[in-house]
2 protein chains.
Amino acid sequence: MTIRVIIVDDQAMVRAGFAALLSAQADIDVVGEAPDGALGIEVSRRTHPDVVLMDVRMPEMDGLAAARALLDPPVGVVHRPKVLMLTTFDVDDYVYEALRAGASGFLLKDAPPADLISAVRVVAAGEALLAPSVTRRLIADFAQQRPAPRRNRSLRLKGLTPRETEVLELIARGLSNQEIAGRLVLAEQTVKTHIGRVLAKLQLRDRAQAVIFAYESGLVAPGS
Amino acid sequence: MTIRVIIVDDQAMVRAGFAALLSAQADIDVVGEAPDGALGIEVSRRTHPDVVLMDVRMPEMDGLAAARALLDPPVGVVHRPKVLMLTTFDVDDYVYEALRAGASGFLLKDAPPADLISAVRVVAAGEALLAPSVTRRLIADFAQQRPAPRRNRSLRLKGLTPRETEVLELIARGLSNQEIAGRLVLAEQTVKTHIGRVLAKLQLRDRAQAVIFAYESGLVAPGS
DNA sequence: GACGACCCCCTACGGGGGTATGAGCCCAGG
DNA sequence: CCTGGGCTCATACCCCCGTAGGGGGTCGTC
């Protein structure tokens, strides 16, 4: 199964170079090219590539907007290619935007040719790959922005027994006492007892505050 | 300038293999080995390597703890190597922990030898590098975790009046009806009316679920 | 002016939530 | 062995919460 690739870049020579490089691989077919984002989308819709190589900077519609359009397609468009962003400069603002949009990778154009080829394969396989400098920034951002699931948690949450923690989590899921009892196969009164202990230990007043604590402590997280 | 590397892995054969592979490179010197985390730290302190190849799973002190110790050294220890984590399995829990601790990379042991070599160079240069599957997860996590202030919010939250939104936020702060009434200078019954409307509009059952909605929608955020 | 929003407040009531107290069971550790 | 912690459940009570079903006020807008 060959990997179908299109190349979107405003410089014809760059397109030609990448095309030559990739076409030389037995498992890669370059099935289209385009000089800007708008045309790139068009070509993508027509050729249904597995991977779109997309330059960040382009006239008309830039790579970011094009990537967003491809990765969040309008209703009726079923095809959704992987997008591998390329850039000449090491511009970080664009990186985050592109990743948020759902791009599968971000490479610098000065990377070794072998890297580009393997990147195409990696991305086609559904994985992701970033330029090392980008990776470093992403990790730094990641590490800094959530310095371990809150310290608060281990402190106060530690006083709770396993059962109590379990009940607290179900409270934080919005279940009533009756529902919790059903889920855990308990009498409702037992649930109440557990909740009572939880509230006492954590010095909370009611289940609403318990929900807050669950979120603030990291026991449950938004979107989980 | 050659890159000084030590290898920390509990399997002697793995150490030997990596050492042979890396030593064959003109710019890489393997200056030490250790079979577990504790000894790895010791060797690192003595040999001052540029890069520590660290297996995740090891007896005694595992790779995570060792990485943390190396990357957050006690006072008086000036040397701080780059840490490149290695793992046989694709275990994601460890990945995040390691990255948080400050590791510069995360590779699977089944990666091509060339990848390991280039990874060592990349890491030594101060950049970072992850296995493609890890990269994918990190990106997904990054993109999902802040897809621009939640889409959900604008949708459902839009139906609420300013006053209702205000009341909802106070609920999410853990206030009782009476307290909300006091804060907003209202009769308690008025608060109840507002809450009733909020619950109806958002199709929630009680204030606990309202708290959940407030967090999930981004109306309030943990740590704020 | 009428109409629709948003806001404020009332009485009344049922049910769920939280508290208090006590008791029985199992199990690990001293 | 027996003590203590964790888990379970019961009975009884209070009150906050949420709902139902009203009334009245101020705005804008048609």
Side-chain angles (χ1 to χ4, degrees), chain A residues 152-220 222, chain B residues 152-220 222:
Chain A
N152 207 350
R153 171 174 182 169
S154 44
L155 287 183
R156 292 220 282 163
L157 208 53
K158 197 168 286 177
L160 299 186
T161 69
R163 202 53 157 174
E164 287 161 1
T165 307
E166 199 173 2
V167 170
L168 174 55
E169 185 171 343
L170 291 179
I171 291 177
R173 301 294 178 192
L175 303 196
S176 69
N177 290 344
Q178 209 170 33
E179 288 165 345
I180 295 174
R183 181 80 74 92
L184 299 181
V185 197
L186 292 178
E188 190 179 341
Q189 182 51 44
T190 306
V191 175
K192 285 190 176 184
T193 304
H194 286 311
I195 293 179
R197 276 195 235 287
V198 169
L199 297 182
K201 285 183 180 177
L202 302 178
Q203 304 194 70
L204 304 171
R205 184 170 46 193
D206 51 36
R207 64 199 301 110
Q209 291 190 351
V211 173
I212 296 173
F213 179 88
Y215 275 94
E216 294 294 337
S217 70
L219 178 63
V220 302
Chain B
N152 207 352
R153 170 172 183 169
S154 44
L155 287 184
R156 294 221 281 163
L157 208 54
K158 197 165 285 176
L160 298 185
T161 70
R163 204 53 158 172
E164 286 161 1
T165 307
E166 200 172 1
V167 170
L168 174 55
E169 184 171 343
L170 292 179
I171 291 178
R173 300 294 178 192
L175 276 65
S176 70
N177 290 346
Q178 207 170 31
E179 288 165 346
I180 295 175
R183 180 81 73 93
L184 300 181
V185 197
L186 292 177
E188 189 179 343
Q189 183 50 43
T190 307
V191 175
K192 287 188 177 184
T193 305
H194 287 309
I195 293 178
R197 276 194 235 288
V198 169
L199 297 181
K201 285 183 180 176
L202 301 179
Q203 305 196 71
L204 304 171
R205 185 171 46 193
D206 51 35
R207 65 202 298 111
Q209 291 190 350
V211 173
I212 295 174
F213 178 88
Y215 275 94
E216 295 293 336
S217 70
L219 177 63
V220 301

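Labels below follow one simple rule: chain letters A, B, ... track the order of the sequence lines, proteins then strands, and each chain is numbered from 1.
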When rounded to whole Å, the CD to P distance for the pair E179(B) and dC16(D) reads 11 Å

Closest to the side chain of T161(A), out of dG6(D), dC8(C), dA10(D), is dG6(D)

Does T190(B) place a side-chain N or O at less than 4.0 Å from the phosphate oxygens OP1/OP2 of dC9(C)? yes

T193(B) side chain: which of dC9(C), dG18(D), dC7(D) is closest? dC9(C)

Using atom CD of Q209(B) as one end and atom P of dG17(C) as the other, report the distance to the nearest whole Å. 10 Å

Looking at E169(A) and R173(A), is any side-chain nitrogen of the basic one under 4.0 Å from a carboxylate oxygen of the acidic one? yes

Minimum-distance nucleotide (side-chain atoms of R207(B) versus dG18(D), dA12(D), dC10(C)): dG18(D)

Output yes when a side-chain donor or acceptor of T165(A) lies under 3.5 Å from a complementary backbone atom of T161(A), and no otherwise. yes

On DNA chain C, nearest-nucleotide positions of D206(B) versus K192(B): which is more 5'? K192(B)

Examine distances only and state if a side-chain atom of N177(B) and a backbone atom of I180(B) form a donor-acceptor pair shorter than 3.5 Å. no

Rounded to whole Å, how long is the line connecting atom CZ of R197(A) with atom C1' of dG18(C)? 14 Å

Whole-Å distance between dG15(C) C1' and N177(A) CG? 12 Å

Taking CG from L168(A) and P from dG17(C), how many angstroms apart are they, rounded to a whole number? 15 Å

Expressed as a whole number of angstroms, how long is the span from I180(B):CD1 to dC17(D):C1'? 11 Å

Short question: side chain of R205(A), backbone of G174(B) - any donor-acceptor pair under 3.5 Å? yes

Where the side chain of P162(A) is defined as all heavy atoms beyond and including C-beta, which of dG18(C), dC7(D), dC7(C) is the nearest nucleotide? dC7(D)

In whole angstroms, how far is the P atom of dC7(D) from the CD atom of Q189(A)? 16 Å

Look at all strands and tell whether E188(B) reaches a base, only sugar-phosphate, or nothing, counting heavy atoms closer than 4.0 Å. sugar-phosphate

Which value, rounded to the nearest 0.5 Å, describes the distance between I195(B) atom CD1 and Q189(B) atom CD? 10.0 Å

Counting only side-chain nitrogens and oxygens, does H194(A) get under 4.0 Å of the OP1 or OP2 atom of dC7(D)? no

Measure CG/L199(B) against P/dG16(C) and give the value in whole Å, please. 16 Å

Hey, does the side chain of R163(B) come within less than 4.0 Å of dC8(C)'s phosphate (OP1/OP2), counting only N and O? yes

